[in-house]
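These notes concern the structure reproduced below.
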Amino acid sequence: MRDAHLQLDYQIQRWIFNQGWNGLREVQAKAIAPILSGKTDVLISAATAAGKTEAFFLPACSALVKSDNGQNIGLYEKEGQGNGVGILYISPLKALINDQYRRLESLAELLDMQVTPWHGDSPRSKKNKQKKSPSGIILITPESLESLLIRDSGWVKQAFSSLKYIVIDEFHAFLGSERGQHLLSLLTRLEHVTERLNSPIPRVALSATLGDLKSVPQSLRPNQSLPCVIIEDDEAKASIKVQVKGYIEPSQLALESDSKKNNFESSDSQYIGIQHPYTAEAQVCSDLYRLCRGGSHLIFANSRKRTEMIATELSDLCEHNIVPNEFFPHHGSLSKELRESLETRLQKEALPTTAVCTMTLELGIDIGKVDTVVQVTAPHSVASLRQRLGRSGRRGGSAVLRMLIIEKEIDKDTSLTDKLRLELIQSFAMIRLLIIDKWFEPADTELYHFSTLLHQVLATIGQWGGIRADQLYILLCKQGPFQQIQPAHFKSLLSQMGELQLLTQLGNNQLVLGIVGERIVGHYTFYAVFKTPEEYRIVTGNRTLGTLPIETMLLPEQYIIFGGKRWQVKNIDMDKKVVDVISVKGGGKPPTFGGGSMSIHDRVRQEMYEILNNGDYRIRVGEQHLDFADKTARQLFSESIDTFNRYDLSNQPVVDKDGNSYIFMWRGDKIVNTLTALLIRDDFTVEAYAGVICISKIDSFQVCQFLQKLASQILPTATELAETVPFKMTEKFDEYLPDDLLNIGYGAQAFDIIGLKKWLEDFKKTDLGL
DNA sequence: GACCTGCTGCGGATTG
């Protein structure tokens, strides 16, 4: 293995030597032979910054150089043509393509190889050069590849006819999503147009470490026409340090009496900011200021709204204390300029910098390592917690994670779910699953993706002009990734598309685009398969601050927080989708951002039950119990345990309170959704929050009777249950789907009938006292 | 009581 690099082209060995590297990393050495062979797919799974991209590009470029030596180069140059593109690199982010382009420059120059960044913002000149003379490496997004296939498939056929490798960066970011399904379909269509279905182009997937590696090759190439070699990074993991800090939000009553007495800065508060009533949020910001100032940190705040509030508060604290600001927000609605200036500042490491961010800084973009990662409010999944934690741990030091959790002070009005401190318990559960079990949520690769299938039908017809239904089915569902789609589903889809004039069938059985289909495919927003809310541009003077998805009504004179500062709305142009704002000092109420529902995994909820049932969240290390909670978090935990025991939740899943019944399933949202939908179907008044189902004005005896009855019945299928749900359109092209497919797709995504069945069987046993 | 990603062709203004 130590001499693995000797298999590489001499010039590439020289390049490695010139980098001053101390030999190749483990994954880099292990990847050389399978990639050079060019006969298999390869999955390279390694932690961030383990040199995955070089692990691919060094052997791949080596293979490219060798096959080019002395062959036809003179002839092609004379004709003004290249000898075809050798490597197609696909990335989920434009920013990653730009990073990668910079990193490849020196190697490409040495090998005299053309490298072309190809996305919506990359220069037309570079694309034109590549168009004239296709060769070397293209770095592209799935959407740009779609546009090439539809608008210029003749060129694609010619330019990619001798393609040697397709490499997909950040493969885990695609896995299981609509966009991932789109990508796989694009790759099949590419093999089809270049007549390579029988001699497949090797696919190389680069990914952060994944849960179940064995299942990934199936996802990388659903038709299994090439084997796959898995290369894993075994390098020792750094240690992790975790702390959970609890905060108590004073009840409304306490706040009111506080403000009457006018003692805003109460005695135990270390709050050092602008005078306003004590809130847990203010205490959180005060602690963040103290913990983060002077270092380099990431604060994940879960929503853009909270991200803005915290970033603004921290900047205000800097101003108040007359020190330079070092806290900046980073999220998807901020302009590219604001985001990039922060990314550059983090990268340079010259000034202490803390980014308050959403998942925009979770993956991809190179910002180096930071001192610590802070999570404010519980993360939505163990997988994202893990990815965020991976950003911490400079110079081989331990990764440091702080979790700040706010729970409400208990008074007479406190709800049962609030008393259980479920957000805190969820945080504990996620930390334990990550550290003890080394578990995180797998991607759901069982979904149908009908919306994306409809998109691909339109795109493929757009690409070929006309195609027969049976050819379309074979291409997309047999050779391509839509392997779960039955011919009957496909027929139903096509006839609905015909009725809506998305397509038309000609006399010779060719399907062509209909009037509506032409309009959809012709519009530039067609290429992406994912849905985006309407965005308004936020403008002050001549400067665009960024964009904001507007779901609730925004009014003139209203105050908003944006880009870490306060603004007042002056004018709203509905046609141009522009909001004019002016900078203001002083308070304001931000608008609400979007809706949506979380999906907590089964295993997280079961771990929460285990913690409460055992009365212990600590991590056992040998004889010791490691307590990662601070004093307030411990107090909140003991309140939770009190409530858990008072209602006998260990044995009793249904309890009465204030005339309502609560069902504690301790299961994931799919199973909770399933029972909720069944209760609604049978006319109960139901609300589900944090995995707890509340049924209004009914006693637990009646609920138990209903559950008993349900346990002995044959449950409806997920599709049948979906028929009872009024609003099911979640994806971009759902509005064109026939009802039967919409129900199948929604049912598979939202419900888990088997999971509910198992829970009901357990319930039956406990309820009968068995 | 959630987040993120991406996209064309062309007309007009500006610059070398």
Side-chain angles (χ1 to χ4, degrees), chain A residues 90-98 118-122 124 127-128 140-152 168-183 186 300-308 329-334 336 339 356-365 375-381 383-385 387-388 406 408 415 417-418 422-423 426 452 455 459 462 519-533 535 547-549 551 592-600 669 672-673 687-692 694 730-732:
Chain A
I90 302 174
S91 153
L93 299 173
K94 291 185 288 193
L96 208 54
I97 288 178
N98 299 341
W118 195 301
H119 56 70
D121 302 334
S122 65
R124 181 120 316 251
K127 294 182 189 168
N128 287 342
I140 202 167
T141 60
E143 289 73 21
S144 284
L145 181 57
E146 181 67 88
S147 131
L148 272 179
L149 274 171
I150 292 176
R151 301 183 118 77
D152 216 347
I168 307 162
D169 207 352
E170 306 273 6
F171 187 63
H172 59 281
F174 287 112
L175 206 58
S177 71
E178 296 288 334
R179 204 174 177 208
Q181 190 78 0
H182 182 204
L183 170 62
L186 284 167
F300 289 95
N302 281 358
S303 74
R304 287 182 287 218
K305 183 175 146 188
R306 195 178 294 113
T307 298
E308 287 288 350
H330 192 282
H331 58 75
S333 299
L334 288 178
K336 205 170 105 182
R339 285 163 69 168
V356 191
C357 57
T358 60
M359 64 178 288
T360 45
L361 290 182
E362 197 173 292
L363 65 96
I365 306 146
Q375 172 73 46
V376 181
T377 72
H380 297 117
S381 70
S384 89
L385 176 63
Q387 195 74 26
R388 291 170 184 188
I406 303 170
K408 288 178 193 141
S415 73
T417 49
D418 280 340
L422 291 178
E423 193 175 343
Q426 185 184 313
T452 299
H455 176 267
R519 206 185 60 221
I520 295 171
V521 177
H523 198 262
Y524 75 93
T525 53
F526 175 70
Y527 304 108
V529 295
F530 50 87
K531 196 177 175 172
T532 31
E535 299 268 330
T547 58
L548 196 62
E551 242 128 330
T592 50
F593 292 94
S597 64
M598 303 192 274
S599 192
I600 300 292
D669 282 332
V672 174
N673 285 343
E687 242 177 80
Y689 173 63
V692 182
C694 171
T730 53
E731 298 301 335
K732 189 174 174 185

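Residue numbers start from 1 in every chain, and the chains themselves are labelled A, B, ... in the order their sequence lines are given, proteins ahead of strands.
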TODO: Send over the distance from A:Gln375 CD to B:dA2 C1', rounded to a whole Å.
DONE: 12 Å
Open item on the list: Set out, in order, the CA-CA distance, both residues' side-chain angles and the distance that settles side chain to side chain contact (heavy atoms under 4.5 Å, CB included) for A:Leu334 and A:Glu308, then state yes or no.
Closed with: CA-CA 10 Å; A:Leu334 288 178; A:Glu308 287 288 350; 4.1 Å; yes
Open item on the list: If I take atom CG in residue A:Leu148 and atom C1' in nucleotide B:dG6, what distance separates them, rounded to the nearest angstrom?
Closed with: 14 Å
Task: Gap between atoms CD1 and C1', on A:Ile150 and B:dG6 respectively (whole Å) - done: 13 Å
Task: Atom pair distance, as rounded to whole Å: CZ in A:Arg179 and P in B:dC3 - done: 18 Å
- [ ] Could you tell me the separation between the CG atom of A:Leu93 and the NE2 atom of A:His119, rounded to the nearest 0.5 Å?
- [x] 10.5 Å
Task: First encountered from the 5' end of DNA chain B, between A:Ala95 and A:Ala688 - done: A:Ala688
- [ ] Find the distance A:Arg388:CZ to B:dC3:P and express it as a whole number of Å.
- [x] 11 Å
Open item on the list: Between A:Thr358 and B:dC4, is there a contact of a side-chain N or O with OP1 or OP2 at under 4.0 Å?
Closed with: yes
Task: Proximal nucleotide (of B:dC4, B:dA2, B:dT5) relative to the A:Leu93 side chain - done: B:dT5
Task: Distance, rounded to the nearest Å, where A:Glu170 contributes CD and B:dC4 contributes P - done: 16 Å
Task: Phosphate OP1/OP2 of B:dC4 contacted by A:Arg339 side-chain N/O (<4.0 Å) - done: no
Open item on the list: Using every non-hydrogen atom in the two residues, find where A:Ser91 and A:Ile97 come nearest and quote the distance to one decimal.
Closed with: CB-CG1, 3.7 Å
Task: Between P of B:dG6 and CG of A:Leu149, the distance in whole Å - done: 19 Å
TODO: Rounded off to whole Å, could you give me the CD1-to-P distance for the A:Ile97 and B:dT5 pair?
DONE: 14 Å
Open item on the list: Would you call the rings of A:His455 and A:Phe526 parallel, tilted or perpendicular, taking 30° and 60° as the class edges?
Closed with: parallel
Open item on the list: For a quick check, with a 4.0 angstrom heavy-atom cut-off, what is the B/S/- contact string for nucleotides 7-15 of chain B, read 5' to 3'?
Closed with: BBS------
- [ ] Would you name the heavy atoms of A:Thr358 and A:His331 that are closest together and state the gap between them?
- [x] OG1-CB, 3.6 Å
Open item on the list: Run the side chain to side chain contact (heavy atoms under 4.5 Å, CB included) test on A:Gln181 and A:Val529 for me, step by step, so that the C-alpha distance in whole Å, both residues' side-chain angles and the decisive distance to 0.1 Å come before the verdict.
Closed with: CA-CA 9 Å; A:Gln181 190 78 0; A:Val529 295; over 6 Å; no
- [ ] Calculate, to the nearest 0.5 Å, the distance between atoms OG and CD belonging to A:Ser384 and A:Gln375 respectively.
- [x] 6.5 Å
TODO: Select one nucleotide: of B:dC4, B:dG6, B:dG1, the one nearest the side-chain heavy atoms of A:Tyr689.
DONE: B:dG1
